[in-house]
A.B. asks: 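Pasting a structure below so you can have a look.
Quick note on labels: first sequence line is chain A, next is B, and so on, each numbered from 1.
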Amino acid sequence: MIAMDKYERVIELAKRRGFLWPSFEIYGSTAGFWDFGPLGAALKRRIEDLWRDFYVIGEGFYEIETPTMGIEDVFVASGHVSSFVDLMVECKKCGEAFRADLVQEKCPECGGSLGDAYAFNLMFKTSIGPGSQRIGYLRPETAQGMFVDFHRLLRFYRDKLPFGVAQMGKVYRNEISPRQGVLRLREFTIAEAEIFIDPREREHPRFDDVEDVMLRLYPVKEQVGKGSMLELSVKDAIDRGIVAHQFMGYHIALIQLFLLGIGISPEKLRFRQHKEDERAHYAVDCWDAEALTDRFGWIELVGIADRGDYDLKAHAKHCQTEMTVFVPYEQPITKERTVIKPNMSAIGRKFKDKAAKIVGVLRTLSMEQLEEGVIQFEGETIPLTKDLVEYGHVTEEVRGERVMPHVIEPSYGIDRIVYALLEHSFEEERIEDETRIVLRFPPNIAPVQAAVLPLLSRDGLDEKAREIEHSLRKSGLLVDYDDSGTIGRRYRRHDEIGTPFAITIDHQTLEDETVTIRERDTMRQIRVRIKDLSGVMVGLVAGDVAFESAGTLI
RNA sequence: GCGCCGGUAGUGUAGUGGUUAUCACUAUGGCUUGCCAAGCCAUAAACCCGGGUUCGAAUCCCGGCCGGCGCACCA
């Protein structure tokens with residue numbers, strides 16, 4: 001048998017045990033679409049829930065939900081319509097592909113003739129309603145839904161910066177040639193937060209909490225030269241100018257805490273800065289959290305972009321809606337200002353259809369020009385009499401100014417995270433002549449949290465086990481009852497899907513109302529009283545209780 | 001999208017222009033054992049799809065789909 005590489009072994013396990021299945025398999029599948037089976041969906045859900053713990057609860061970024069389909073205006077404004085459409089041509093001779101707008105008649109590589117131009121756009125296009133006049137696009141990111149709601153969100157957050165908003169959901173990109181399993185999908189789940197900040201204030205109020213977090217950074221400077229990865233605290237990275245500011249630094253640290261929290265291996269995680277030519281059209285700075293995979297090398301799991309004011313500016317321009325925030329000064333400023341008050345009824349009566357243009361010229365005049373008492377208009381000299389216009393200085397208090405917020409955006413690719421976690425958790429352990437396959441998920445991430453296993457399926461052990469199963473379910477744990485085959489086989493089955501704890505009901509259970517709990521990673525066992533079991537299990541799964549202190553070690 | 005290679009039970013595979021397509025693991029039921037994939041018996045389960053060649057195609061040919069690799073693409 002030819003040895004499978006780790007990707008194949010992980011995918012083989014994922015398919016066999018119900019984590020990941022190719023979609024539409026009975027019809028031959030379609031590239032770029034994968035189903036999450038029972039365990040995959042549960043695993044993904046736990047990752048999503050932890051993400052909500054971090055961002056919605058931890059950071060106070062309320063989650064919103066906007067349509068997965070967007071109208072054309074939104075993506076014209078965002079730049080996706082223009083940035084996504086490319087006319088491509090391919091050389092008939094050598095097969096090389098080129099942007100049609102960049103080449104002439106012959107292939108620049110080999111001089112062969114070019115085929116017909118074809119358009120591709122990474123957005124799925126459809127029509128809204130009957131008659132097909134209205135174009136819709138399936139969203140390629142959730143971000144636009146949050147930008148488009150900016151005016152509402154600003155009111156919701158009572159007109160103050162900074163604030164954050166989150167959205168998790170499906171997005172769609174019509175990849176030309178998706179490969180690499182769930183790493184490149186045509187439909188996938190993204191979890192994004194948009195953090196709107198005052199660009200002049202990039203200090204993060206809780207920066208102290210993360211300043212000592214150590215990061216492995218791979219900045220542009222190091223990538224361009226023959227540099228290497230840097231191990232720095234967040235604070236040092238900012239002080240040395242490697243990470244631009246505290247908001248960026250804080251959120252890079254938060255991403256790391258999240259990824260390590262779900263079980264990504266610390267030694268297989270780094271943050272790499274995008275080089276200028278690989279940044280998206282909206283980004284002024286971008287770092288990717290990358291995970292090391294066996295077959296594909298470093299892959300992006302999370303991108304954190306400084307989108308500047310690109311999006312709000314773009315929408316403000318496109319739809320003429322105010323997208324700025326009024327930021328009050330600490331002390332109001334007194335300012336002197338020239339005020340011009342044209343008397344419209346007099347001007348209108350006197351100049352008729354030229355009235356509007358004359359007022360337009362009037363408004364451009366300085367105080368000195370107004371003092372001259374005449375105005376030049378289409379070769380005529382018009383006297384400015386008091387009945388036509390009043391002007392003068394006023395002093396007024398300016399209480400603040402309008403600011404276009406900048407956006408910091410951490411964007412998580414949930415499906416890729418699921419794969420990276422499967423691979424990083426995957427372990428083949430030699431035990432005598434056997435191979436034990438274990439998925440070492442953290443207990444709070446594992447899809448099945450506990451297995452309930454009667455040592456035998458008779459003598460009343462099975463009934464007792466059923467009782468325990470139900471009481472654990474009532475405690476909110478996802479448990480699996482299994483009485484098929486030998487106990488060893490059942491332990492192995494659960495190792496393979498990452499179940500962190502197995503509760504075994506034996507003859508002693510019937511005598512003294514105790515059960516054993518076996519820990520997946522060490523295979524050690526403790527004995528615990530049934531009346532304490534639910535509490536102990538909830539504590540173990542949450543990670544609040546150490547295994548060896550949860551009961552009597554056997 | 002281009003080029004090369006591949007596609008057999010849930011998984012890994014053997015095999016062949018010609019009766020009921022091999023084996024192992026897994027799964028299910030039973031016997032046995034009674035805390036880490038033991039043993040025995042039984043059961044279930046597959047030739048990617050379409051077309052062509054042929055008396056006969058899972059096998060040969062063509063196309064499609066899917067997968068792997070290289071190129072391109074990955075805002």
A.B. asks: What interatomic distance, in whole Å, is found between C1' of B:A45 and the corresponding atom of B:A21?
C.D. replies: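 Between the two C1' atoms, the distance is 13 Å.
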A.B. asks: Do A:Arg17 and B:G10 have a side chain to base donor-acceptor pair shorter than 3.5 Å?
C.D. replies: no
A.B. asks: Between A:Thr486 and B:A38, is there a contact of a side-chain N or O with OP1 or OP2 at under 4.0 Å?
C.D. replies: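 Indeed, a polar side-chain atom of A:Thr486 lies that close.
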A.B. asks: Run the ring-centre check on A:His406 versus A:Phe247 and record whether the distance is less than 6.0 Å.
C.D. replies: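 For A:His406 and A:Phe247, the ring centres are not under 6.0 Å apart.
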A.B. asks: Taking CD1 from A:Ile497 and P from B:A27, how many angstroms apart are they, rounded to a whole number?
C.D. replies: 12 Å
A.B. asks: Searching all strands shown, indicate the nucleotide that pairs with B:G1 (Watson-Crick or G-U wobble; both distances under 3.5 Å).
C.D. replies: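 B:G1 is paired, partner B:C71.
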A.B. asks: Please determine, for B:U59, whether a Watson-Crick or G-U wobble partner exists with both distances under 3.5 Å, and give it or none.
C.D. replies: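 B:U59 is paired with nothing.
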A.B. asks: Tell me the interatomic distance from A:Glu8, atom CD, to B:U11, atom P, rounded to whole angstroms.
C.D. replies: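 Spelled out: CD on A:Glu8 to P on B:U11 is 13 Å.
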A.B. asks: How far does the P atom of B:C61 sit from the matching atom of B:U53, given to the nearest Å?
C.D. replies: 16 Å
A.B. asks: When you compare B:G51 with B:G39, how far apart are their P atoms, in angstrom units rounded to a whole number?
C.D. replies: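 Each nucleotide's P atom is 46 Å from the other's.
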A.B. asks: To the nearest Å, how far apart are A:Ile437 CD1 and B:U26 P?
C.D. replies: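 Taking atom P of B:U26 as the reference, CD1 of A:Ile437 is at 12 Å.
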A.B. asks: Produce a footprint string for nucleotides 61-68 of chain B: one letter per nucleotide, 5' end first; B if the base is under 4.0 Å from any protein heavy atom, S if only the sugar-phosphate is, - if neither.
C.D. replies: ----SSSS
A.B. asks: Can you check the distance between B:U8 and B:C49, where both ends of the measurement are the C1' atom (answer in whole Å)?
C.D. replies: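 Approximately 15 Å lies between the C1' atom of B:U8 and that of B:C49.
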A.B. asks: Looking across every strand, which nucleic acid part, if any, lies under 4.0 Å from A:Glu25 by heavy atom: base, sugar-phosphate, or nothing?
C.D. replies: nothing
A.B. asks: When you measure from the side-chain N and O atoms of A:Arg493 to the phosphate of B:A27, is any distance below 4.0 Å, counting only OP1 and OP2?
C.D. replies: yes
A.B. asks: In whole Å, measure the gap between the C1' atoms of B:C23 and B:U13 for me.
C.D. replies: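 After rounding to an integer number of Å, I get 8 Å for this pair.
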A.B. asks: Provide the Watson-Crick or G-U wobble partner of B:U53, both distances under 3.5 Å; none if there is no partner.
C.D. replies: none
A.B. asks: Rounded to whole Å, how long is the line connecting atom CZ of A:Arg16 with atom P of B:A9?
C.D. replies: 15 Å
A.B. asks: Using a 6.0 Å cut-off, check whether atom CZ of A:Arg45 has over 12 heavy atoms from anything other than its own residue.
C.D. replies: no
A.B. asks: If I pick the C1' atom on B:G18 and the same atom on B:A58, what distance separates them, to the nearest angstrom?
C.D. replies: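 It works out to 13 Å between them.
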A.B. asks: Hey, which of these two, A:Glu278 or A:Leu456, hits RNA chain B nearer its 5' end, going by closest nucleotide?
C.D. replies: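 In this pair, the answer is A:Leu456.
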A.B. asks: Would A:Tyr7 and A:Phe296 count as a close aromatic pair, with their ring centres under 6.0 Å?
C.D. replies: yes
A.B. asks: Can you tell me how far P in B:G6 sits from the matching atom in B:U59, rounded to whole Å?
C.D. replies: 14 Å
A.B. asks: Counting only heavy atoms not in A:Lys313 (residues, nucleotides, ligands), do more than 12 fall under 6.0 Å from its NZ?
C.D. replies: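 It does not: A:Lys313 NZ has 12 such atoms or fewer within range.
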A.B. asks: Expressed as a whole number of angstroms, how long is the span from A:Arg492:CZ to B:A27:C1'?
C.D. replies: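 A:Arg492 atom CZ is separated from B:A27 atom C1' by 18 Å.
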A.B. asks: Which nucleotide, if any, forms a Watson-Crick or G-U wobble pair with B:G17, using both distances under 3.5 Å?
C.D. replies: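 Partner of B:G17: none found under 3.5 Å.
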A.B. asks: Between B:G1, B:C74, B:C35, which nucleotide has the shortest distance from any of its atoms to the side chain of A:Glu175?
C.D. replies: B:C74
A.B. asks: Name the pairing partner of B:U28, where a pair is Watson-Crick or G-U wobble with both distances under 3.5 Å, or state none.
C.D. replies: B:A42
A.B. asks: Under 4.0 Å between a side-chain N/O of A:Ser484 and OP1 or OP2 of B:U28, yes or no?
C.D. replies: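 It does, given that an N or O in the side chain of A:Ser484 lies less than 4.0 Å from OP1 or OP2 of B:U28.
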A.B. asks: If pairing requires Watson-Crick or G-U wobble contacts with both distances under 3.5 Å, which nucleotide is the partner of B:U33?
C.D. replies: none
A.B. asks: For RNA chain B, determine which residues of residues 503-518 of chain A have any heavy atom closer than 4.0 angstrom to one of its atoms, and list them numerically.
C.D. replies: A:Thr504, A:Asp506, A:Thr516, A:Arg518
A.B. asks: Is it true that A:Lys44 and A:Asp415 have a side-chain N and a carboxylate O under 4.0 angstrom from each other?
C.D. replies: yes
A.B. asks: Could you tell me how far apart A:Met123 (CE) and B:C74 (P) are, to the nearest whole angstrom?
C.D. replies: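 Whole-Å distance recorded here is 14 Å.
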A.B. asks: Between A:Arg466 and A:Glu463, is there a side-chain N and carboxylate O pair less than 4.0 Å apart?
C.D. replies: no
A.B. asks: Is the closest side-chain heavy-atom distance between A:Met4 and A:Ile11 below 4.5 Å?
C.D. replies: no
A.B. asks: Quick check on the 6.0 Å ring-centre criterion: do A:Phe150 and A:Phe196 meet it?
C.D. replies: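 For A:Phe150 and A:Phe196, the ring centres are under 6.0 Å apart.
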A.B. asks: Does A:Ile487 reach a base, just sugar-phosphate, or nothing at all? Heavy atoms under 4.0 Å.
C.D. replies: sugar-phosphate
A.B. asks: Does NZ in A:Lys317 sit with more than 12 non-hydrogen atoms of other residues, nucleotides or ligands closer than 6.0 Å?
C.D. replies: no
A.B. asks: Using atom C1' in both nucleotides, what's the gap between B:G3 and B:U22 to the nearest angstrom?
C.D. replies: 35 Å
A.B. asks: Separation of A:Glu429 atom CD from B:A37 atom P, in whole Å?
C.D. replies: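 That distance rounds to 13 Å.
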A.B. asks: Whole-Å distance between B:C35 C1' and A:Ile431 CD1?
C.D. replies: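 Spelled out: CD1 on A:Ile431 to C1' on B:C35 is 13 Å.
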A.B. asks: Is there a Watson-Crick or G-U wobble partner for B:G6 with both distances under 3.5 Å, and which nucleotide is it?
C.D. replies: B:C66
A.B. asks: Using a 6.0 Å cut-off, check whether atom CD of A:Glu428 has over 12 heavy atoms from anything other than its own residue.
C.D. replies: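 Enclosed.
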A.B. asks: Using the ring centroid of each side chain, check whether A:Tyr172 and A:Tyr137 are separated by less than 6.0 Å.
C.D. replies: no
A.B. asks: Starting the side chain at C-beta, find the nucleotide from B:C73, B:C35, B:G12 nearest to A:Arg184.
C.D. replies: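 Looking only at side-chain atoms, A:Arg184 lies closest to B:C73.
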A.B. asks: With a 6.0 Å cut-off (strictly less than), is the heavy-atom count around CZ of A:Arg529, excluding the residue itself, greater than 12?
C.D. replies: no
A.B. asks: It should be established whether A:Arg489 places a side-chain nitrogen or oxygen under 4.0 Å from OP1 or OP2 of nucleotide B:A38.
C.D. replies: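 Indeed, a polar side-chain atom of A:Arg489 lies that close.
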